[in-house]
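Note that the coordinates shown come from a computational prediction; the quantities given were computed from them, not determined experimentally.
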Amino acid sequence: MTTSVLRTLADLEAVYGEPSRGSLAKEIDHLSPHYRAFVEHAPFVLVASAGPGGLDCSPRGDAPGFVSVADARTLLLPDRRGNNRVDTLRNVIADPRIALLFLVPGVGETLRVNGTAEIDVDPALLASFAVDGKAPRSVLRVHVERVYFQCQKALARSRLWEPDSRIERSRLPSAGEILAALDREVDAAAYDAAYPERMRQTIY
């Protein structure tokens with residue numbers, strides 16, 4: 001047995017000590033006006049869920065405020081067109097627990113929301129989220145249980161928003177190259193060449 005591995009809460013607390021007062025005070029059970037502002041300005045959110053197949057963390061993005069604040073304890077997240085894996089939705093069917101991490105470009109703090117979710121397909125609700133005349137197939141109704149902001153240390157260390165942190169896309173394998181390595185029927189060059197138009201036609 002590796003003696004350097006922490007296996008109990010007592011082990012963990014012996015290394016880290018007590019949480020700071022501020023880290024506890026910032027957690028509430030609803031979206032205060034300050035926290036609501038983060039949701040309304042965020043064009044990007046990470047959605048974490050759990051199900052029989054394990055854990056999942058999926059990105060969601062759209063115009064700032066695309067996640068709607070129905071009230072202080074309810075968020076509405078449209079499920080835009082994708083690849084139909086619907087990993088998040090499959091998980092929510094099995095286990096309603098969900099966690100959201102909102103990011104706002106240029107802002108160091110992020111917003112964390114934990115709660116439960118259900119999948120709503122009410123026609124009027126779907127229509128209210130239509131873009132370019134195209135409605136989402138479903139909307140995640142998130143029942144908020146815990147909300148708190150994360151300090152900016154992680155984004156400061158990563159320099160995520162700094163222009164000189166960006167790299168050329170060519171330094172990483174393209175989507176076509178990745179798929180071609182896994183599926184012999186895929187032509188990497190053809191896939192990549194067709195992608196911009198495919199994205200334009202299927203983004204909503």
Show your working on side-chain contact (heavy atoms from CB on, under 4.5 Å) between D79 and V139 and close with a plain yes or no.
CA-CA 6 Å; D79 190 63; V139 171; over 6 Å; no
CA sep, side-chain torsions, deciding dist, call: E145, N114, side-chain contact (heavy atoms from CB on, under 4.5 Å)
CA-CA 6 Å; E145 295 176 355; N114 294 336; 5.6 Å; no
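Side-chain contact between L140 and L75 is absent, with no heavy atoms from C-beta onward closer than 4.5 Å. Under the 4.5 Å side-chain criterion, counting only non-hydrogen atoms from C-beta, Y148 is not in contact with L111. In this structure the side chain of D29 never reaches within 4.5 angstrom of the side chain of V147, judged on heavy atoms. Counting heavy atoms from C-beta on, the side chains of L172 and I167 come closer than 4.5 Å. In this structure, the side chains of E109 and V104 stay at 4.5 Å or more apart for every pair of heavy atoms. Contact of the F44 side chain with the P105 side chain is not registered, since no non-hydrogen atoms from C-beta on lie closer than 4.5 Å. Within the 4.5 Å cutoff, side-chain heavy atoms of V186 are placed close to those of D183. When side chains are defined from C-beta on, V5 counts as touching R7, because their heavy atoms get closer than 4.5 Å.
Judged by distance alone, the side chain of W161 and the main-chain N or O of V107 form a donor-acceptor pair under 3.5 Å. The main-chain N or O of A154 is found under 3.5 Å from a side-chain atom of S158 such that the two form a donor-acceptor pair.
Among all heavy-atom pairs drawn from R137 and N84, the shortest one is NH1-OD1, 3.4 Å. In this structure, D95 and A50 approach most closely via the heavy-atom pair CB-O, 3.2 Å. Pairing each heavy atom of A190 with each of D187, the nearest pair is N-OD1, 2.9 Å. Considering every non-hydrogen atom in both V92 and A117, the closest pair reads CG1-O, 3.4 Å. When every heavy atom of V113 is checked against every heavy atom of F102, the shortest pair comes out as CG2-CE1, 3.9 Å. Of all the heavy atoms in R85 and R90, the pair that sits closest is O-NE, 3.0 Å.
Residue H30 qualifies as enclosed at atom NE2: its count of foreign heavy atoms under 6.0 Å is above 12. The local environment of NE2 in H143 is crowded, with over 12 non-hydrogen atoms from other residues, nucleotides or ligands closer than 6.0 Å. Enclosure of atom CD in E18 is not indicated, since only 12 or fewer non-hydrogen atoms of other residues, nucleotides or ligands lie within 6.0 angstrom. Heavy-atom neighbours of L24 CG from other residues, nucleotides or ligands within 6.0 Å: above the threshold of 12. Annotation: R97, atom CZ; neighbour count of heavy atoms from other residues, nucleotides and ligands within 6.0 Å does not exceed 12.
Using a 4.0 Å cut-off between charged nitrogen and carboxylate oxygen, K134 and D132 do not count as a salt-bridge pair. Here D62 pairs with R80 in a salt bridge; the nearest charged N to carboxylate O distance falls below 4.0 Å. In this structure, E197 pairs ionically with R200, as a charged nitrogen and a carboxylate oxygen lie closer than 4.0 Å.
Checked against R141 for a side-chain hydrogen bond (donor to acceptor under 3.5 Å, both in side chains), the options T74, T116, D120 give a single hit: D120.
Going from atom CG of L77 over to atom CZ of R60 covers 6.5 Å, rounded to the nearest 0.5 Å. Note: S68 OG to L125 CG = 9.0 Å, rounded to the nearest 0.5 Å. R169 CZ to S174 OG: the interatomic distance, rounded to the nearest 0.5 Å, is 6.5 Å. Summarising the geometry, atom CG belonging to D192 is positioned 8.5 Å from atom CZ belonging to R198; distances are rounded to the nearest 0.5 Å. Of the inter-residue distances, the one linking L103 atom CG with L100 atom CG reads 11.5 Å to the nearest 0.5 angstrom. Atom OG of S165 is separated from atom CG of L160 by 7.5 Å, given to the nearest 0.5 angstrom.
Linking ILVMFWY side-chain heavy atoms closer than 4.5 Å, directly or via other members, places I119 and L76 in two distinct hydrophobic clusters. L89 and L46 end up in different hydrophobic clusters when Ile, Leu, Val, Met, Phe, Trp and Tyr side chains are linked at under 4.5 Å. Residues F129 and Y204 do not share a hydrophobic cluster, defined by chaining ILVMFWY side chains whose heavy atoms lie under 4.5 Å apart. Y191 and L182 are not part of a single hydrophobic cluster, where members link through side-chain heavy atoms under 4.5 Å apart. One hydrophobic cluster, built from ILVMFWY side chains closer than 4.5 Å, cannot hold both F38 and L101; they sit in different ones.
Annotation: cation-pi pair K26/F149 present, NZ/CZ under 6.0 Å from the ring centroid and within 45° of its normal. At least one test fails for R112 against the ring of Y35: distance under 6.0 Å to the centre or angle within 45° of the axis.
In summary, the side chains of D11 and T8 do present a donor paired with an acceptor at a separation below 3.5 Å, with no hydrogens or angles considered.
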